[in-house]
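Take a look at the structure below.
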Amino acid sequence: MGHNKYSGDLRAVTSYRAGAVEINIARHSGYCWGVDRAYEQTVATARIKEGPVFTFGPLIHNPQTIEKLKSDYGVDYISGPDELPDPKGSTVIIRTHGVPPGVAQEFIAKGAEVIDATCPYVRVTQNYAQLLHKQKYHVVIIGDPKHPEVISILAYAKGEGTVIQSLDDVDKIPHNKRRLGVVVQSTLILKKVNEIVNAMLAQAQEVRVFNTICYVTTERQEDAEHIAQQNDHVIVIGGKTSSNTKKLAIVAESFGAKAQLIESPEDIDFEKLKDAKRIGILAGASTPNWLIDQAKDTLIAHFSKVAAAV
Ligand code: SF4
């Protein structure tokens, strides 16, 4: 059994002991509110609909969840309206990261029913981008230009904006644009955003910023700092394409812990853990709890065996 443990700054972790090794799971791990909502909406839809249910793009960035939706509930994903085998009677669920405006209409025009599982926080960012564009700001999105969330936000600014993800990119903003309206991908690190916004101030007359980093991201990055400071090794569980999972590993390493990013317990590199005394576990916002439990159980089984062999 694990127990809640309070350290100096009262941040709770759940701790387990296996042989000489302590395993500490961060308080904010696993599905965030937006992902949980989208998953439950999808499962409920699959249960009540007679016709086939699809998600538009993978619902979230976690391959195990996508596989489970397919094997347990028959929900597969498609990449566009033309991939719907039999649109009439089909239901399409829009993923948490959102889609450009008009996409839902394309599915409806084919005869499918659409359920929008876009996270409400992403929806707010899309609305800000739309508003800034209407108010004649040049929209700047700080984020990964290839990420579906960023693609959808840019589309709400009618595609007329600049996506930047580093200080060097600030130069990409057209120099004749004097009024900049800024929104941020939900999973970014605030410190980095601050640096980029500061650099923008040097080239514009007005910079209007909506801090659209999701509170879930902030909470988890604070946990990552704490876990990295309290443990010599950190295991980050999550999809390799999950933006917030990758950032957790970056934050943990920046605080001096050795970090491993794994998608499932089979990926754990025990060789790298052979001197570990305290192992912290972090998990991205799209990582299911059962996967965190499996990883914890695998670690406990391994270190208990090591202790028994001594
Ligand atoms: S991390 Fe935040 S924005 Fe992203 S799905 Fe979760 S609650 Fe929504």
Side-chain angles (χ1 to χ4, degrees), residues 26-45 55-66 68-69 75 77 93-101 103-104 115-130 141-156 163 165 182-193 209-225 227 236-252 261 282-292:
R27 179 175 179 187
H28 304 103
S29 331
Y31 279 179
C32 64
W33 174 80
V35 165
D36 196 39
R37 173 181 175 273
Y39 183 78
E40 291 304 329
Q41 266 178 316
T42 306
V43 168
T45 305
T55 63
F56 176 47
L59 185 69
I60 55 173
H61 279 151
N62 183 267
Q64 287 78 9
T65 301
I66 303 307
K68 197 172 169 61
L69 281 174
V75 178
Y77 69 85
I93 297 173
I94 304 289
R95 63 187 167 216
T96 46
H97 301 119
V99 292
V103 168
I115 293 177
D116 190 356
T118 304
C119 175
Y121 293 115
V122 175
R123 200 67 199 108
V124 166
T125 312
Q126 292 170 336
N127 289 342
Y128 281 146
Q130 194 171 38
I141 304 166
I142 306 179
D144 174 357
K146 295 199 190 87
H147 196 283
E149 179 186 332
V150 173
I151 292 169
S152 84
I153 296 166
L154 183 61
Y156 273 80
V163 180
Q165 55 180 345
V182 184
V183 291
V184 185
Q185 186 180 351
S186 61
T187 49
L188 289 208
I189 297 170
L190 182 61
K191 195 166 161 258
K192 188 172 160 184
V193 172
V209 187
F210 287 103
N211 176 2
T212 47
I213 297 174
C214 174
Y215 76 98
V216 166
T217 308
T218 311
E219 265 174 8
R220 279 155 210 255
Q221 285 170 3
E222 283 172 6
D223 272 9
E225 271 182 48
I227 283 277
V236 186
I237 312 167
K240 296 223 158 79
T241 54
S242 158
S243 169
N244 73 76
T245 305
K246 281 189 274 188
K247 292 208 175 70
L248 289 181
I250 294 169
V251 173
L261 182 55
L282 299 166
S286 48
T287 306
N289 284 335
W290 56 265
L291 211 48
I292 302 171

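Read the numbers this way: they start at 1 and go in the same order the structure lists the ligands and their atoms. Computed from heavy atoms alone, side chains included, the values below leave out hydrogens, waters and symmetry copies.
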- Item | Between Tyr31 and Thr65: side-chain donor-acceptor atoms closer than 3.5 Å |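 A pair is found: one side chain offers a donor N or O, the other an acceptor, under 3.5 Å apart.
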
- Does a donor on one side chain and an acceptor on the other come within less than 3.5 Å for Lys247 and Ser243?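 Side-chain D/A pair, Lys247 to Ser243: present.
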
- Query: What atoms in ligand 1 come closer than 4.0 Å to a heavy atom of Cys214?
  - Reply: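 Answer, ordered by atom number: 1 (S), 2 (Fe), 3 (S), 7 (S).
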
- Just which atoms of ligand 1 are under 4.0 Å from any heavy atom in Cys119?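 Answer for ligand 1: 3 (S), 5 (S), 7 (S), 8 (Fe).
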
- Cys32 backbone or side-chain N/O/S under 2.8 Å from atom 6 (Fe) of ligand 1: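 So Cys32 does bind atom 6 (Fe) of ligand 1 by this criterion.
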
- Message: Would you call the rings of Phe210 and Tyr128 parallel, tilted or perpendicular, taking 30° and 60° as the class edges?
- Response: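 Phe210 and Tyr128: parallel rings.
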
- To which protein heavy atom is atom 4 (Fe) of ligand 1 closest, and what is the distance rounded to 0.1 Å?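 Protein heavy atom with the smallest distance to atom 4 (Fe) of ligand 1: Ser186 OG, 4.0 Å.
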
- Query: Is the backbone N or O of Gly238 less than 3.5 Å from a side-chain atom of Ser242, with the two atoms forming a donor-acceptor pair by type?
  - Reply: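 No; zero donor-acceptor contacts below 3.5 Å.
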
